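Structure first, then comments.
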Amino acid sequence: MKWLSWLIGAAFVVAWSSGFVGATLADATDAGVWQVLAWRYLITAALLIGVCFLLPSARQAIRSLRVRDLLQQGVLALLAHTVFLGGVFLAARNGLDAGLSAVVCALQPLLVAAIGSLAFKDRIRPWQWAGMILALGGVALSVGGIGADGLGSVVLVTASLLGLSAAAVLERAWQPTVPVLVSLTIQVTIAAVVFFTAAMLIGGLSTDVSPEFVLAIGWLVLLSGLGGYAAFTWCLRHVGATATSTLLYLTAPVTMLWGWMMFAQQPAALQWAGLLIVLIGVTLAMHSGRRHAGKFQRQSVPSSAFRGR
């Protein structure tokens with residue numbers, strides 16, 4: 001049913017975009033960055049472990065895990081969860097707009113495609129390269145729309161982009177056979193341990209359980225975490241990897257609009273111009289790639305690229 005594909009696709013864009021909004025919501029609480037991330041991941045890990053316990057197939061997959069599998073998932077967890085979200089949340093705490101953070105992170109599939117052409121000899125058409133360069137220029141213009149005091153936050157969110165991209169490249173190189181649910185559970189559990197340790201070393205887990213804190217944690221666990229990943233999985237299986245990858249780029253303008261509506265984060269003129277250029281560049285790159293979707297579909301969206309939400 002085509003209408004269902006459109007509906008789930010829209011849900012994916014909204015849920016994925018909500019991760020950046022959730023970081024801003026968490027920033028409005030008295031809890032520290034590491035406390036928020038620790039609580040988010042501890043709760044998410046408990047939910048996923050419970051699901052794995054109830055599913056016989058998941059229990060069997062866990063029993064079949066090798067040491068190599070665990071080591072690979074551990075590296076992916078550190079890159080796609082701790083580095084990625086640590087940078088995004090710290091940037092939000094330093095005042096970086098959710099929309100601009102999403103614009104920078106939306107370059108991840110383009111960066112991975114560029115790495116793929118060098119490391120895996122993927123064939124990328126000239127128009128796709130032109131689109132990537134144009135999109136990079138748009139991001140640079142968007143970054144130019146903020147004050148000098150925000151450049152440190154841009155560095156943080158760029159580190160998030162690089163961490164997520166590295167995880168995607170490694171997953172493609174390793175090609176792990178661990179089922180998606182089990183892989184996500186392992187990664188989230190490892191990230192929960194890391195964030196829990198960081199929180200305990202810095203100030204502990206205790207915090208004021210205010211309505212703002214409950215809203216932020218619930219938003220991050222249910223909407224941007226479990227909801228975003230479930231919608232992604234459905235899109236990947238029913239509309240294909242290439243179409244799902246295209247949807248990812250829509251998260252940047254949606255996030256910018258959410259930041260404007262929810263937090264009065266009025267985008268500057270340069271940010272609007274930069275966002276428009278990013279969308280034109282991405283459209284150019286993806287339009288050229290769609291004619292060759294059957295050839296490149298498996299490389300389009302490494303699954304670790306969506307595990308950080």
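These numbers come from a predicted model, not from an experiment.
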Review point. Has R68 got more than 12 heavy atoms of other residues, nucleotides or ligands less than 6.0 Å from its CZ?
Key: no
Kindly compute the distance separating [atom1] ([X]) from [atom2] ([Y]), expressed to the nearest 0.5 Å.
X: S64; Y: R59; atom1: OG; atom2: CZ; value: 12.5 Å
X: L284; Y: L279; atom1: CG; atom2: CG; value: 12.5 Å
X: W272; Y: W260; atom1: CH2; atom2: CH2; value: 5.0 Å
X: T44; Y: Q187; atom1: OG1; atom2: CD; value: 13.0 Å
X: S153; Y: R93; atom1: OG; atom2: CZ; value: 12.0 Å
X: L90; Y: L37; atom1: CG; atom2: CG; value: 8.0 Å

Going only through I, L, V, M, F, W and Y residues with side-chain contacts under 4.5 Å, is there a path from [X] to [Y]?
X: L162; Y: F89; result: yes
X: L201; Y: L85; result: no
X: I49; Y: V221; result: no
X: M262; Y: V14; result: yes
X: L47; Y: F195; result: yes

Determine whether [X] and [Y] make a side-chain contact, defined as any pair of heavy atoms from C-beta on separated by less than 4.5 Å.
X: L161; Y: V157; result: no
X: L205; Y: M200; result: yes
X: F213; Y: D208; result: no
X: T29; Y: T207; result: no

Point to revise | Full working for side chain to side chain contact (heavy atoms under 4.5 Å, CB included) between I62 and T185 | key: CA-CA 10 Å; I62 292 174; T185 302; 5.9 Å; no
Work out which heavy atom in [X] is nearest to a heavy atom in [Y]; give both atom names and the distance.
X: S206; Y: Q35; value: O-NE2, 2.8 Å
X: L181; Y: A58; value: CD2-CB, 4.4 Å
X: V36; Y: A31; value: CG2-CB, 3.8 Å
X: G19; Y: L220; value: O-CD2, 4.2 Å

Spell out, as yes or no, whether a donor-acceptor pair under 3.5 Å connects the side chain of [X] to the backbone of [Y].
X: E212; Y: L25; result: no
X: S18; Y: A15; result: yes
X: S183; Y: V178; result: no
X: N94; Y: A91; result: no

**Study point:** Pair Y41-V188, side chain to side chain contact (heavy atoms under 4.5 Å, CB included): steps then yes or no
**Key:** CA-CA 6 Å; Y41 271 85; V188 167; 3.7 Å; yes
Practice item. Tell me, with the steps shown, if F196 and L42 meet side chain to side chain contact (heavy atoms under 4.5 Å, CB included). Key: CA-CA 8 Å; F196 171 79; L42 287 170; 4.0 Å; yes
Review point. Side chain to side chain contact (heavy atoms under 4.5 Å, CB included) between V83 and L78: does it pass, once the steps are laid out?
Key: CA-CA 6 Å; V83 174; L78 293 176; 5.5 Å; no
